[in-house]
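Keep in mind that this is a model prediction, so the values were computed, not measured. Just follow the structure's listing: the first ligand is 1, and inside any ligand the first atom is 1.
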Amino acid sequence: MPHVLTTIAEAKEVLREVGKTDTIALVPTMGALHDGHLSLVDIAKRNATKTVVSVFVNPMQFAPGEDFERYPRTFDDDLAKLDAAGVDYVFAPAVSDMYPEGVKQTRVVGGYAAGLLEAAHRLAHFDGVLTVVTKLFNIVRPNVAVFGEKDAQQLFLVRRLVRDLNLDINVIGAPIIREDDGLALSSRNRYLSTEERAAALSLVRALSAAASNGDRGIREMISGAQGALMDEKLVKMDYVSIVDPETFALVNEAYRGKALVLVAARVGTTRLIDNMSAYVGEYR
Ligand code: AMP
């Protein structure tokens, strides 16, 4: 069984000792673990001698009216999965320990890319993410931290956090794990009814449509993706956007080169995001 650390004080005490003789890889999660999370654990294990998985549903990154209260909490099941995966430490603090005076505390605010895409639909989301990630980094003091490409904007912003604030942490991005039919694994997929699960496949169809239109320009890529989403009655699009993966700046029609297509949509009441790499232009 992993050693479960339930307070910040205990985590600091234990992990400071560990850090004297081992390298530490951290995988931050909100629990409700699936094979996507476990693929991050795999990468963590290959890049350090001890692995820490944090399980914390972070209230600061949920906007009012989002699913903080109903977010799935399946700790016993998560622990069994982390045990089978050979994780050394699980850090599962209480909200009152992480935010003793509530979430109106000092915040870490991202640069311009923290105001785009997801941020337009989730008020102050990335302040919450970057704040909790900074707290976790300071508590765990990892050498390596693994984040999924599934949350591409988050991964970009965490890389910037580490670079901009001169943190000595190697951030590793992990590829998106998908179901056989293409649906990206997500803790929120468990909210979906059978009909909604089928409709949710339109997200990956949208991304594929955009990526396959790369030689026809940005406008065609976006309209192909939007078409795939609009074909589904149960799906309401938040955005389809194409960014330069190096800067996360939205690209214009003149852009040529590697691009990242991002989509967010509500399927029934469940909000899903996904993304896919693409190439814009004639030559590959
Ligand atoms: P979450 O528990 O949703 O906050 O996710 C924890 C970490 O797992 C984040 O770095 C996510 O990007 C990553 N993750 C979630 N779903 C997937 C997936 N399908 N494939 C790869 N990584 C994922």
Side-chain angles (χ1 to χ4, degrees), residues 25-47 51-63 66-68 70-75 77-79 81-82 85 87 90-93 95 98 117-118 122 125-137 140 142 144-162 169-192 197 200-201 203-204 207 245 248 260 262-264 267 270-277:
L26 171 66
V27 180
T29 81
M30 298 205 299
L33 301 181
H34 50 64
D35 286 349
H37 297 112
L38 297 178
S39 76
L40 271 55
V41 168
D42 242 35
I43 293 171
K45 289 180 62 174
R46 283 190 262 119
N47 284 279
T51 302
V52 180
V53 174
S54 60
V55 175
F56 181 64
V57 185
N58 173 33
M60 200 196 264
Q61 73 188 68
F62 288 78
E66 289 188 354
D67 57 347
F68 174 68
R70 75 163 183 146
Y71 197 83
R73 288 163 174 87
T74 59
F75 190 69
D77 190 45
D78 294 345
L79 199 55
K81 287 180 179 164
L82 296 174
V87 166
V90 173
F91 177 49
V95 170
M98 290 290 272
L117 304 171
E118 281 301 278
R122 305 190 69 186
H125 172 65
F126 289 117
D127 294 7
V129 170
L130 296 176
T131 302
V132 82
V133 166
T134 303
K135 287 166 76 74
L136 292 170
F137 283 173
V140 174
V144 172
V146 189
F147 290 83
E149 290 173 358
K150 162 80 167 28
D151 298 275
Q153 193 177 3
Q154 168 176 287
L155 172 61
F156 178 84
L157 289 166
V158 170
R159 287 193 197 284
R160 286 301 305 255
L161 168 77
V162 164
I169 298 172
N170 175 17
V171 175
I172 302 180
I176 302 176
I177 304 296
R178 299 178 179 281
E179 306 274 11
D180 289 342
D181 60 7
L183 184 69
L185 298 193
S186 163
S187 302
R188 291 188 169 94
N189 289 350
R190 68 186 71 195
Y191 299 146
L192 302 170
R197 169 72 179 69
L201 282 175
L203 273 81
V204 70
L207 294 171
F248 242 77
L260 191 64
L262 301 106
V263 60
V267 183
T270 304
R271 191 168 181 284
L272 299 177
I273 60 172
D274 198 354
N275 66 84
M276 194 178 280
S277 296

Q) Looking at Asp274 and Arg178, does any basic side-chain N land under 4.0 Å from a carboxylate oxygen? A) yes
Q: Write down, by chain and number, every protein residue that brings a non-hydrogen atom to less than 4.0 Å from an atom of ligand 1.
A: Pro28, Thr29, Met30, His34, Gly36, His37, Leu40, Tyr71, Phe147, Gly148, Lys150, Asp151, Gln154, Pro175, Ile176, Ile177, Leu185
Q. Does NZ or CZ of Arg190 fall inside the cone over Tyr71's six-membered ring, less than 6.0 Å from its centre and within 45° of the axis?
A. no
Q. Does some side-chain heavy atom of Leu260 sit less than 4.5 Å from a side-chain heavy atom of Phe248?
A. yes
Q. For Ala174 and Val146, which heavy atoms make the closest approach, and how far apart are they?
A. CB-CG1, 4.2 Å
**Q.** Within-4.5 Å side-chain heavy-atom neighbours: Met98 and Pro59
**A.** no
Q | Atom pair NE2 (His34) and CG (Leu185), whose distance is rounded to the nearest 0.5 Å | A | 5.5 Å
